[in-house]
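Written below as structure tokens is the structure these notes are about.
In what follows, chains are A, B, ... by sequence order, proteins preceding strands, each numbered from 1.
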Amino acid sequence: GENVEQHPSTLSVQEGDSAVIKCTYSDSASNYFPWYKQELGKRPQLIIDIRSNVGEKKDQRIAVTLNKTAKHFSLHITETQPEDSAVYFCAASIYTGTASKLTFGTGTRLQVTL
Amino acid sequence: GAVVSQHPSRVICKSGTSVKIECRSLDFQATTMFWYRQFPKKSLMLMATSNEGSKATYEQGVEKDKFLINHASLTLSTLTVTSAHPEDSSFYICSVKGSTSGILYNEQFFGPGTRLTVL
């Protein structure tokens with residue numbers, strides 16, 4: 001089955017700096033890559049996603065890049081703010097309609113310091 | 001999108017008892033529901049996938065007789081932890097996929113989770 005690796009496990013940046021989180025996946029058939037933000041004790045919230053037919057997607061301070069050949073995808077957060085502090089999970093799935101399941105990475109704990 | 005609720009949010013039970021957790025989607029046709037387990041500071045591990053009206057598909061290593069899943073309607077799924085033991089203590093989260101107002105969503109919408117503590 002699919003295996004998703006995520007790095008780093010923890011990341012500390014100063015407010016205003018950029019943060020980059022990287023993931024790799026094993027199944028070349030995966031074609032949907034969402035990123036979730038989870039605050040302590042809360043539900044995961046989708047922040048951005050990308051499909052395999054595009055290489056990059058941006059939404060304000062957040063961007064995701066995908067390299068299908070290398071099976072890498074990354075989350076980029078620019079101009080970080082304290083409220084960006086949370087655990088971020090990448091995921092991969094093979095979208096086949098309604099039943100596609102997600103395989104999650106191990107998570108990155110991002111700490112934005114003042 | 002979907003608004004997903006779980007009940008209860010927290011439950012403490014004695015070892016050997018069974019606990020039922022409900023996952024509801026509001027104004028959303030949840031054709032597929034997923035149940036995850038999350039240990040502290042760990043990732044979400046998929047336990048099972050269920051389609052409305054069908055038996056759940058369990059992931060490898062998940063005991064189907066211990067974790068009973070029922071997805072009887074498009075808005076409700078239940079997870080019952082039978083004969084719970086301390087090692088079953090965890091954060092259980094459901095998610096839904098489906099449609100509303102004729103729009104099919106690829107995204108999974110997560111519930112707020114249920115923290116189970118087995119004494």
Side-chain angles (χ1 to χ4, degrees), chain A residues 1-11 21 23 25 27 30-54 57 59 64 85-111, chain B residues 1-6 9-10 23 25 28-54 56-62 71 74 90-100 103-115:
Chain A
E2 176 66 278
N3 182 49
V4 178
E5 295 190 358
Q6 185 172 345
H7 299 280
S9 55
T10 59
L11 179 59
I21 302 170
C23 288
Y25 61 99
D27 191 340
S30 289
N31 57 7
Y32 175 63
F33 307 93
W35 285 87
Y36 288 86
K37 176 183 180 182
Q38 187 179 29
E39 297 179 18
L40 187 64
K42 301 289 182 65
R43 75 186 81 199
Q45 300 270 19
L46 179 71
I47 56 172
I48 195 168
D49 57 11
I50 191 168
R51 293 178 188 253
S52 60
N53 59 346
V54 298
K57 184 177 178 180
D59 182 4
V64 57
S85 297
V87 179
Y88 291 81
F89 292 99
C90 62
S93 78
I94 302 170
Y95 178 61
T96 57
T98 59
S100 57
K101 63 179 185 180
L102 293 172
T103 301
F104 282 87
T106 48
T108 296
R109 184 171 300 277
L110 174 63
Q111 180 71 43
Chain B
V3 176
V4 184
S5 65
Q6 279 183 241
S9 57
R10 290 177 178 269
C23 175
S25 64
F28 189 85
Q29 309 298 300
T31 49
T32 306
M33 285 186 166
F34 305 87
W35 284 97
Y36 294 86
R37 182 175 182 175
Q38 187 176 33
F39 291 105
K41 299 186 179 180
K42 297 293 184 182
S43 189
L44 289 88
M45 300 301 296
L46 180 66
M47 299 174 67
T49 303
S50 71
N51 294 302
E52 185 259 339
S54 301
T57 301
Y58 289 80
E59 294 299 299
Q60 193 171 12
V62 178
H71 187 174
L74 288 172
S90 190
F91 194 51
Y92 292 88
I93 309 178
C94 69
S95 72
V96 305
K97 284 189 68 176
S99 64
T100 186
I103 301 172
L104 179 64
Y105 288 84
N106 185 49
E107 175 184 352
Q108 285 188 30
F109 299 93
F110 285 85
T114 296
R115 187 163 301 283

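- Counting heavy-atom pairs under 4.5 Å between each of B:Thr57, B:Leu44, B:Ile93, B:Leu46 and chain A puts B:Leu44 at the top.
- For B:Tyr36, the part sitting under 4.5 Å from any heavy atom of chain A is the side chain, from C-beta outward, and nothing else.
- One distance of note links OG1 of A:Thr106 with NZ of B:Lys41; it measures 14.5 Å at 0.5 Å rounding.
- Rounding to the nearest 0.5 Å gives a distance of 8.5 Å between CZ of A:Arg43 and OG of B:Ser5.
- Counting heavy-atom pairs closer than 4.5 Å to chain B, the top-ranked of the candidates A:Gln45, A:Arg109, A:Gln38 is A:Gln38.
- Top candidate by heavy-atom pairs under 4.5 Å with chain A, chosen from B:Lys42, B:Met45, B:Gln38, B:Gln6, is B:Gln38.
- For A:Pro44, the parts sitting under 4.5 Å from any heavy atom of chain B are the backbone and the side chain alike.
- Under the 3.5 Å distance criterion, the side-chain polar atoms of B:Ser43 are matched with a main-chain donor or acceptor of A:Gly105.
- Looking at A:Leu102, both its backbone and its side chain come within 4.5 Å of chain B, counting heavy atoms on both sides.
- Heavy atoms closer than 4.5 Å to chain B are found in the side chain of A:Phe89, but not in its backbone.
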